[in-house]
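Just below is one structure, and these are the notes that go with it.
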Amino acid sequence: MNYNKKSVLDIDVKGKRVLCRCDFNVPTKEGKITSDKRIVAALPTIEHLINNGARVILCSHMGKPKGEWKPELSLKIVAERLSELLGKEVIMAADVAGEDAKAKAAALNDGDVMLLENTRFIKGETKNDPELSKDLASMADIFVNDAFGTAHRAHSSTAGVADYLPAYCGLLVEKEVSIMGKALADPARPFVAILGGAKVSDKLNVINNLLEKVDTLIIGGGMAYTFQAAKGCNVGKSLLDTEKIDYCKEMMAKAEAKGVKLLLPVDVVVSESFPSPIDAPIEVKTVAVDSIPEDMEGMDIGEKTRELFAEAAKTAKTVVWNGPMGVFENPILAKGTIAVAQALADSDAVTIVGGGDSAAACEQLGFASEITHISTGGGASLEFLEGLELPGIACLQDK
Ligand code: ADP
Ligand code: MG
């Protein structure tokens with residue numbers, strides 16, 4: 001995939017109607033936005049368009065209305081918040097690409113901003129229906145994709161519309177693609193990847209692809225136990241993907257053949273049962289990785305492993321991290337994840353965090369500002385690390 005895409009900075013938008021796909025899929029509770037992070041992240045592109053005299057038509061999905069008109073998933077609350085942040089009116093359309101949206105789009109003046117209704121209110125959106133794509137395109141002269149979070153989906157508003165309009169990336173997508181693209185295509189070395197999270201099966205292709213690129217691959221979190229089992233260790237009641245044991249053997253052989261250093265935990269924090277609720281206090285102890293008691297479950301990496309992983313991260317020039325090292329939602333089991341986040345924060349390397357839970361962990365634990373790039377797309381960043389072509393990026397014009 002070509003990571004070098006033309007952006008809004010490469011084009012003249014004065015007087016042009018620009019359809020801009022954003023990621024306004026914000027979390028809400030009782031009709032109120034609980035985090036406006038995604039709206040804030042979209043501001044640089046929107047402000048650039050306004051300041052350069054574009055007539056801005058924003059669109060996004062929110063939640064999963066599945067083609068039905070669900071008032072509780074209306075983007076009106078986003079228009080209100082965006083209007084506060086921009087300090088100017090955001091015109092709200094009553095539909096997605098219907099009469100009201102079309103009339104309002106036609107009446108825009110230079111520098112005006114409007115927002116279409118939730119694109120997933122229309123069934124055709126997730127089917128990449130050409131009729132919807134054409135309807136959306138008919139309102140604009142230019143398409144800009146600034147929604148990295150949905151770039152791995154081929155939907156009408158993320159990719160289909162680019163069949164009918166010249167298409168460019170926004171500043172957020174440009175940042176995601178250039179930083180992660182460079183890390184994968186031409187990384188400063190040593191290049192270290194740290195993978196964790198619950199299951200091997202969630203990240204099969206990420207492991208496989210990263211082994212082609214990195215100097216060191218570190219595996220922690222719940223997925224490490226399947227690798228331990230593949231090495232013949234007893235893992236007690238720890239998370240185990242029994243069907244993936246052979247796959248882990250294959251990956252260990254691949255690492256060896258490629259000369260990639262594969263680091264696995266040497267000690268683990270175990271407990272008798274999973275905490276319930278997840279942040280409830282629990283009793284834990286640390287054991288060597290080959291001595292997990294039959295009736296206990298590995299929940300975090302131990303202290304020696306923390307040092308081992310942190311050391312590898314500190315000496316790297318590029319670090320990509322995806323997946324927590326333990327059940328970080330519980331403070332007693334967050335030490336491994338904190339150690340890795342701290343190592344990334346302390347490192348001079350280009351540090352990149354992808355994955356929804358890993359990004360949340362960095363933010364919750366207060367390390368976000370010291371990391372080079374925290375991806376705004378969970379699923380999209382994983383597909384990126386898998387080496388897949390993302391439809392919402394592939395459809396944009398190359399430089
Ligand atoms: P990401 O969203 O960053 O890609 P994942 O969704 O793959 O990460 O994994 C995150 C989840 O993995 C967390 O909810 C965490 O509690 C869980 N997890 C990590 N280590 C373990 C473990 N040893 N046992 C059980 N669950 C674990
Ligand atoms: Mg997750």
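Given the structure is predicted, the values throughout are model-derived calculations rather than measurements. In listed order, ligands and their atoms are each counted from 1.
- Checking only distances, Asp202 never comes within under 3.5 Å of ligand 1, N or O to N or O.
- By the 4.0 Å N-to-carboxylate-O rule, Lys304 lies too far from Asp267 to be salt-bridged with it.
- Among all protein heavy atoms, the one lying closest to atom 25 (C) of ligand 1 is Leu239 CD1, 3.5 Å.
- Between Lys134 and Glu131 there is a salt bridge, since at least one side-chain N of the basic residue sits less than 4.0 Å from a carboxylate O of the acidic one.
- Arg17 contributes a side-chain N or O that, together with a main-chain N or O of Ala106, makes up a donor-acceptor pair within less than 3.5 Å.
- Heavy atoms of other residues, nucleotides or ligands lying less than 6.0 angstrom from NZ of Lys261 number 12 at most.
- Closest to atom 21 (C) of ligand 1 among all protein heavy atoms lies Gly222 N, 3.4 Å.
- Using modelled atom types and a 3.5 Å distance limit, the side chains of Glu117 and Ser74 yield a donor-acceptor pair.
- For Asp357, the nearest N, O or S atom to the Mg ion (ligand 2) falls under 2.8 Å.
- Ligand-side atoms of ligand 1 in range of Tyr225: 23 (N), range being under 4.0 angstrom from any heavy atom.
- The shortest N or O to N or O distance between Glu297 and ligand 1 is not below 3.5 Å.
- Counting heavy atoms closer than 4.0 Å to ligand 1, residue Asn322 contributes side-chain atoms (C-beta onward) but none from N, CA, C or O.
- For the residues Val327, Thr337, Ile278, the heavy atom positioned nearest atom 27 (C) of ligand 1 is part of Val327.
- Atoms of ligand 1 lying under 4.0 Å from any heavy atom of Gly298, numbered from 1 in the order shown and given with element: 22 (C), 23 (N), 24 (N).
- Here the protein heavy atom with the shortest distance to atom 11 (C) of ligand 1 is Ala198 N, 4.1 Å.
- For ligand 1, none of its N or O atoms has an N or O atom of Met325 under 3.5 Å away.
- Checking Lys254 against Asn208 by side-chain atom types alone, a donor-acceptor pair falls below 3.5 Å.
- Listed by number with element, the atoms of ligand 1 under 4.0 Å from a non-hydrogen atom of Met299 are 23 (N).
- Scanning the protein for heavy atoms near atom 7 (O) of ligand 1, the closest one is Lys203 NZ, 2.8 Å.
- Proximity of a side-chain donor or acceptor of Thr376 to a complementary backbone N or O of Gly149 within less than 3.5 Å is not detected.
- Of the options Val269, Asp357, Val206, the smallest heavy-atom separation from atom 2 (O) of ligand 1 is shown by Asp357.
- The pair Asp95-Lys102 fails the salt-bridge criterion, with no side-chain N (NZ, NE, NH1 or NH2) lying under 4.0 Å from an Asp/Glu carboxylate O.
- Ligand 1 is never approached by Gly378 to a heavy-atom distance shorter than 4.0 Å.
- The distance from ligand 1 to the heavy atoms of Gly323 drops below 4.0 Å at these ligand atoms: 3 (O), 8 (O).
- Heavy-atom contacts from other residues, nucleotides or ligands closer than 6.0 Å to NZ of Lys76 number 12 or fewer.
- For atom 3 (O) of ligand 1, the closest non-hydrogen atom of the protein is Ser358 OG, 2.4 Å.
- Distance from atom 18 (N) of ligand 1 to its nearest protein heavy atom, with residue and atom name: Gly326 O, 3.8 Å.
- Of all atoms in ligand 1, listed by their number and element, those nearer than 4.0 Å to a heavy atom of Gly221 are 20 (N), 23 (N).
- Residue-environment remark: NZ (Lys335) stays at or below the threshold of 12 foreign heavy atoms within 6.0 Å.
- Ion pairing of Glu174 with Lys5 is absent here, as no side-chain N (NZ or NE/NH1/NH2) approaches a carboxylate O to less than 4.0 Å.
- Shown here is Lys16, whose NZ atom has more than 12 heavy atoms of other residues, nucleotides or ligands within 6.0 Å.
- In this structure, Asp398 does not pair ionically with Lys6, as no charged nitrogen and carboxylate oxygen lie closer than 4.0 Å.
- At the top of the distance list for atom 9 (O) of ligand 1, counting protein heavy atoms only, stands Gly197 CA, 3.2 Å.
- In terms of protein heavy atoms, atom 16 (O) of ligand 1 is closest to Glu329 OE1, 2.7 Å.
- Below 3.5 Å of separation, one finds no N or O of Gly354 facing any N or O of ligand 1.
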